[in-house]
Amino acid sequence: MSDPENEKSRKNSGLNFIESIIEEDLFNNKNQGRVHLRFPPEPNGYLHIGHAKSICLNFGLAKTYDGLCNLRFDDTNPEKEEVEYVDSIMEDISWLGFEWHDKPYYASDYFEQLYDWAVQLIKNGKAYVDEQAQEKISEQRGVPTRPGTESPFRNRPPEESLGLFARMRDGEFENGTMVLRAKVDMASPNMHMRDPIMYRILHQHHHRTADKWCIYPMYDWAHGQSDFIEGITHSVCTLEFELHRPLYDWFLDQLADERYRPQQIEFARLNLSYTVMSKRKLLELVREAYVNGWDDPRMPTISGLRRRGYTPLSIRNFADRIGVAKRNNVIDVGLLEFSVREHLNQIAPRVFAVLDPVKVIITNFPEGEVEQMELVNNPEDPDAGSRRVPFSREIYIERDDFMEDPPKKFFRMGPGREVRLKGAYIVKCEDFEKDENGRLTEIHCSYDPTSKSGGTGASRKVKGTLHWVSVQHAIDAEVRLYDRLFSDEDPNGHNDKDFKDFINPESLKTLTNCKLEPSLKSAVPEDKFQFQRLGYFCVDKDSTPTQLVINRTVPLRDPWAKKSKR
RNA sequence: UGUCCGAUGGUGUAAUGGUAGCACUGCAGAUUUUGGUUCUGCCGGUCAAGGUUCGAACCCUUGUCGGACAACCA
């Protein structure tokens, strides 16, 4: 874990409900006082901010209770899973700043053990092979309000099931012709207890076990037993598995005794406003090219946030702040933005960048002269030092920083108005030029030579301070401005519409004529800056040695923009 | 008309029978060579009704509302 000093001090208030459970268990010396968690992703997609909540929870719990946390790939469905995803998941967890215990674990490593246990269940009359068609089984399962009916194969002799199960494994049967079912209770009000399927036949290559298996265990059978094998004490998952818990416990009843037994605990998943969070929907955005890949900076994926310029600490702080509970929640995406700003404010060097440049000529400044202005790199960090920024007769300022007919509260440049060029001189607008379309092309100013930063005339009050870049020293860049991907707070919340109907057409604006101060020349991908007065930005991996490409992570808070919009 | 889970300011989350607090947001002000940061203040909440109790957000009852469950997905 990097930079623990910056980490928010843990728990100045009460415990969350999972911490309460763990402390209670510790007090009772349950499981010999061990605390062992696990993060169990299915490698069928990229990790997103919702997973980050779970990662921070599980690894964080292990850390605070001096326990362990495994990374376990829940790879029991070869139809959807790929090594590409395994790799990205490991990269993302490491990047977030967590280390898994020992090595990456895989549910697929337990296939043999799971098979043996399944055989044991059959022998004990707790499981049977069902030869009915899928539709038949589904029909017999009934509905939540009505009990199901038993399969005609339910009470076949264990020897018969044993033989069939072995032949299933040997590949004698086609996909979908047979399943192994647990014999629980077809009349249970809990659908998951109505003789759930433990194994299905799937003649499918697996990314780790290759073609060794043609039967694969279902989630309910694989997951709890994997926890059991790994010695997991607290199996933390999301709310939708609540109804699975009786089955989780039922399977464990067949194998475990009171000396050690993992416990499933469910918490409410993260929902973010203006965002979709399901892997299926994110996949859809990628496949249908609404975004440019899983790591598109507009994606709520960890890799997208990384490319956007988020830091691991900012995400961890976010996870701390949102808390953990069982009620459904929607977190304002603004809280995530607050968390990056908070961290970037501490660490990001300030630089000058003009995104929409307009030329200013300082008419009384000597032609050909260049002054090196000393600028502080980060007022929040005295150790960040300072740098020299060249100033000359022609500079760029932001088009937005000039108004021909400004309102009284506009503290920037306008005809006859004085503004300070940050770190340089106070200038006064004497004149401006426009083209035939009325578009501003050039501003003429005079400067006060005594007003140089630090000089005698510099202390006088001037309403506005602008950033600037010297024309002859400027480097060009492409800057990508991102906005939320969806224009609706809850893109999933409309029964009559698809979430993609709410994609924000302005979620990406590309600016190609941006001017940066020369110190940015050596910047490399993932370098982060505050473009003074604009926001936090980072260098994108699309940059080339001759062309910088820069992403806007998040704009600065801007009360003026908010006010002037009204 | 089943089972399970949940309900505290706009959004989250604490208080575990004893002053409803914190964060984000919003609003107002101070500081500021970033309309940033920082600082100060303000607005704003226990789903409802009964019950237990000296005392209830917390315990009990009933109701209301919301969510989850009917893949050979996880």
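As a basis for the values below, the full set of heavy atoms in this structure was taken, side chains included, without hydrogen atoms, waters or symmetry mates. Here is how names work: the chains are called A, B, and so on, in the same order as the sequence lines, proteins then strands, and each is numbered from 1.
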Exercise. Consider the side chain of A:Gln532, meaning its heavy atoms from C-beta on, and name the nucleotide among B:U34, B:A74, B:G35 that approaches it most closely.
Key: B:U34
Quiz item: Do A:Glu380 and B:U38 have a side chain to base donor-acceptor pair shorter than 3.5 Å?
Solution: no
Quiz item: Under a 3.5 Å cut-off for both distances, is B:C39 Watson-Crick or wobble paired, and to whom?
Solution: B:G29
Exercise. Report the nucleotide, chosen from B:G35, B:G2, B:A70, that has the shortest atom-to-atom distance to any side-chain atom of A:Met191.
Key: B:A70
Quiz item: Checking all strands, does A:Glu242 fall into the base, sugar-phosphate, or nothing category for heavy-atom contacts under 4.0 angstrom?
Solution: sugar-phosphate
Exercise. May I ask you to say what A:Glu337 touches in the nucleic acid, namely base, sugar-phosphate or nothing, with a heavy-atom cut-off under 4.0 Å?
Key: nothing
Quiz item: Of the nucleotides B:A14, B:U34, B:A74, which one has an atom closest to the side chain of A:Arg327?
Solution: B:A14
Quiz prompt | Base partner of B:G44, which must satisfy Watson-Crick or wobble distances under 3.5 Å | solution = none
Self-check item: Given B:G35, B:U1, B:A74, the nucleotide with the shortest approach to the side chain of A:Glu240
Solution: B:A74
Quiz prompt | Mate of B:G50 where both pairing distances stay under 3.5 Å, Watson-Crick or G-U | solution = B:C60
Quiz prompt | Side chain of A:Leu243 - closest among B:U3, B:G12, B:A74 | solution = B:U3
Quiz item: For the side chain to side chain contact (heavy atoms under 4.5 Å, CB included) test, which of A:His223, A:Arg269, A:His244, A:Glu266 pairs with A:Cys237?
Solution: A:Glu266
Quiz item: Is there a side-chain polar atom (N or O) of A:Arg533 under 4.0 Å from OP1 or OP2 of B:G35?
Solution: yes
Exercise. Examine B:C72: is either OP1 or OP2 under 4.0 Å from a nitrogen or oxygen in the side chain of A:Ser138? Give yes or no.
Key: no
Self-check item: Pairwise C1' distance for B:G17 and B:G55, with rounding to whole Å
Solution: 8 Å
Exercise. Indicate whether OP1 or OP2 belonging to B:U33 is found under 4.0 Å from a side-chain N or O atom of A:Lys461.
Key: yes
Exercise. Look at the side chain of A:Asn16 and decide which nucleotide, out of B:U37, B:A14, B:C4, has an atom nearest to it.
Key: B:A14
Quiz item: What's the closest nucleotide to the A:Ser20 side chain, out of B:U16, B:G35, B:C5?
Solution: B:U16
Self-check item: Watson-Crick or G-U wobble mate for B:A74, both contacts under 3.5 Å
Solution: none
Practice problem: Check every strand shown and say whether A:Lys409 touches a base, only sugar-phosphate, or nothing at a heavy-atom separation below 4.0 Å. | Solution: base
Quiz item: Where does B:A71 fall, syn or anti, if syn means a chi angle no more than 90° from 0?
Solution: syn
Quiz item: Is A:Trp560 stacked on the base of B:G35, meaning ring centres closer than 5.5 Å and planes within 30 degrees of each other?
Solution: yes
Practice problem: Give a yes/no on whether any side-chain N or O of A:Arg557 is located under 4.0 angstrom from OP1 or OP2 of B:U37. | Solution: yes
Exercise. Please report, rounded to the nearest Å, how far the C1' atom of B:U16 is from the CD atom of A:Glu23.
Key: 13 Å
Quiz prompt | Side chains of A:Gln132 and A:Ser151 in contact at under 4.5 Å (non-hydrogen atoms) | solution = yes
Quiz item: So which of A:Arg350, A:Arg388, A:Arg387, A:Lys422 actually passes salt bridge (charged side-chain N to carboxylate O under 4.0 Å, His left out) with A:Glu517?
Solution: A:Arg387
Quiz item: For A:Gln530, which contact category applies under a 4.0 Å heavy-atom criterion: base, sugar-phosphate, or nothing?
Solution: base
Quiz item: ring-ring contact (aromatic ring centres under 6.0 Å, His included) between A:Phe318 and A:Tyr310: does it pass, once the steps are laid out?
Solution: CA-CA 11 Å; A:Phe318 171 75; A:Tyr310 277 71; 8.8 Å; no
Quiz prompt | Donor-acceptor pair under 3.5 Å, A:Thr465 side chain vs B:U34 base | solution = no
Quiz prompt | Flag side-chain contact, heavy atom, 4.5 Å: A:Pro349 against A:Asn378 | solution = no
Quiz item: Nearest to the side chain of A:Arg141 - B:A74, B:C72, B:U37?
Solution: B:C72
Quiz item: Base, sugar-phosphate alone, or nothing: which one does A:Pro144 contact when heavy atoms must sit under 4.0 Å apart?
Solution: base
Quiz item: Looking across every strand, which nucleic acid part, if any, lies under 4.0 Å from A:Pro196 by heavy atom: base, sugar-phosphate, or nothing?
Solution: nothing
Practice problem: Scan side-chain atoms only and decide if A:His51 and A:Asp92 contain a donor-acceptor pair under the 3.5 Å cut-off. | Solution: no
Quiz item: Contact class for A:Ala222 (heavy atom, under 4.0 Å): base, sugar-phosphate, or nothing?
Solution: nothing
Quiz item: When we call it a touch if two heavy atoms are under 4.0 Å apart, what does A:Val324 touch: a base, just sugar-phosphate, or nothing?
Solution: sugar-phosphate
Quiz item: Is the backbone N or O of A:Met277 less than 3.5 Å from a side-chain atom of A:His48, with the two atoms forming a donor-acceptor pair by type?
Solution: yes
Quiz item: Using a cut-off of less than 4.0 Å, is there contact between a side-chain N or O of A:Arg200 and OP1 or OP2 of B:C73?
Solution: yes
Exercise. Decide yes or no, distance alone: a donor-acceptor N/O pair under 3.5 angstrom between the base of B:A68 and the side-chain of A:His192.
Key: no
Practice problem: Select base, sugar-phosphate, or nothing to describe what A:Gly535 touches, counting heavy atoms under 4.0 Å on all strands. | Solution: nothing
Practice problem: Quick one: label A:Pro40 by what it contacts on the DNA or RNA (base, sugar-phosphate, nothing), any heavy atom closer than 4.0 Å. | Solution: nothing
Self-check item: Euclidean distance, atom CZ of residue A:Arg412 to atom C1' of B:G36 [Å, nearest integer]
Solution: 12 Å
Quiz prompt | Nearest-neighbour nucleotide for the A:Phe411 side chain, B:G12, B:U13, B:G35 considered | solution = B:G35
Self-check item: Distance under 6.0 Å and angle within 45° of ring axis: A:Arg38 vs A:Tyr105
Solution: no
Quiz item: For the side chain of A:Phe338, counting heavy atoms from C-beta on, which of B:U13, B:A74, B:U25 is nearest?
Solution: B:U25
